[in-house]
2 protein chains.
Amino acid sequence: MSSIFGNRLKKLRGLKNIPQRKVASFLDVDAATYCKFENGDRKARREQVTLLAVFFSINEKELLQLWSADKVYEILVEEEDAKEILSVVAEKISNYCNKR
Amino acid sequence: MSSIFGNRLKKLRGLKNIPQRKVASFLDVDAATYCKFENGDRKARREQVTLLAVFFSINEKELLQLWSADKVYEILVEEEDAKEILSVVAEKISNYCNKR
DNA sequence: TTCGACTTGACAACATTTGTCAAGATTAAA
DNA sequence: TTTAATCTTGACAAATGTTGTCAAGTCGAA
């Protein structure tokens, strides 16, 4: 159940060398909840990503990318043709501004 | 609020030249619900995608791709760096089988 | 105008997600 | 080993989100 986002949190916390409890209290959640974030058992909420970036003093954008990537991945693993789907999406993103 | 999936439904129904009401009753939902599918105001459920492929006699995989693409797109529009996120995902998909 | 088809907003019913608690692992130190 | 702190896990209520319906529209063609 590991996630890119969760693995990043683990690594960041490892660098600071502090217990989950501390991060959890900064987020104002139970330590169990934060534990699940690290292990990919629960997704953090959007606002919590912001808080985590602040807590670990890193660029929010970077964390947000990993968080979003996990969400996208979650959709794709359900389907067999992940790559084809990605290219459909990529195309739609290019046509961003075009209305039909 | 248009969606790739919904636009495809519209086109398919146009070819058959039948009212929304008919498709809706095949799906066993209100016509209003199906109307929303076409206009991207509501997402169909996974099982409904299958039914729609049957109804329009097309390859389920194709419809499913569009349906998934919409879901992915929905996540990406919320964030600014859609393309970077996609490449993070693409990488994760390649490493499919690797556990860490 | 009248008819059928389409669209839209609000709402209840249903489903999913979130956070907590409590109990159980795991780890490190003495 | 025993202890103490940390981490992990499952089950549950509360909060949040989604789905389908209804009712009240709009729009176009006859």
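Since we're looking at a predicted model, the values are computed, not measured. Order of the sequence lines sets the chain letters (A, B, ...), proteins ahead of strands, with each chain counted from 1.
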Separation of D:dT9 atom C1' from A:Y34 atom OH, nearest Å, is 17 Å

Rounded to whole Å, the CD1-C1' distance (B:I18 to C:dC6) equals 14 Å

From CE of A:M1 across to P of D:dT9 the rounded distance in Å is 9 Å

B:Q20 CD to D:dG28 P, in whole Å, measures 15 Å

*Ion pair A:D70/A:K43, N-O distance below 4.0 Å*: no

Pairs under 3.5 Å (N/O, protein and nucleotides 17-27 of chain D):
{"from": "D:dT19", "atom 1": "O3'", "to": "B:R45", "atom 2": "NH1", "distance (Å)": "3.1"}
{"from": "D:dG20", "atom 1": "OP1", "to": "B:R45", "atom 2": "NH1", "distance (Å)": "2.5"}
{"from": "D:dG20", "atom 1": "OP1", "to": "B:Q48", "atom 2": "NE2", "distance (Å)": "2.9"}
{"from": "D:dG20", "atom 1": "N7", "to": "B:R42", "atom 2": "NH2", "distance (Å)": "2.4"}
{"from": "D:dG20", "atom 1": "O6", "to": "B:R42", "atom 2": "NH2", "distance (Å)": "2.4"}
{"from": "D:dT21", "atom 1": "OP2", "to": "B:D30", "atom 2": "N", "distance (Å)": "2.3"}
{"from": "D:dT21", "atom 1": "O4", "to": "B:K36", "atom 2": "NZ", "distance (Å)": "2.7"}

Indicate yes or no: at least one non-hydrogen side-chain atom of B:N39 is less than 4.5 angstrom from one of B:M1. no

note: B:D41, atom CG; C:dA10, atom P; distance rounded to Å ~ 13 Å

- Query: Can you find a side chain N or O atom of A:R21 that sits less than 4.0 Å from OP1 or OP2 on D:dC7?
  - Reply: no

Using side-chain heavy atoms (C-beta onward) and a distance below 4.5 Å, is A:V23 in contact with A:F37?
no

Do A:E79 and B:Q65 have side chains that approach each other closer than 4.5 Å (heavy atoms only, starting at C-beta)? no

(message) Between A:W67 and A:R46 (side chain of the first, backbone of the second, donor and acceptor by atom type, cut-off under 3.5 Å), is there such a pair?
(response) no

Atom CD of A:E47 and atom P of D:dT16 are separated, to the nearest Å, by 10 Å

Check your understanding: A:N39 side chain N/O closer than 4.0 Å to the phosphate oxygens (OP1, OP2) of D:dC7?
Key -> no

For B:K16, does the NZ atom have more than 12 heavy-atom neighbours from other residues, nucleotides or ligands under 6.0 Å away?
yes

Separation of C:dA5 atom C1' from B:K10 atom NZ, nearest Å, is 14 Å

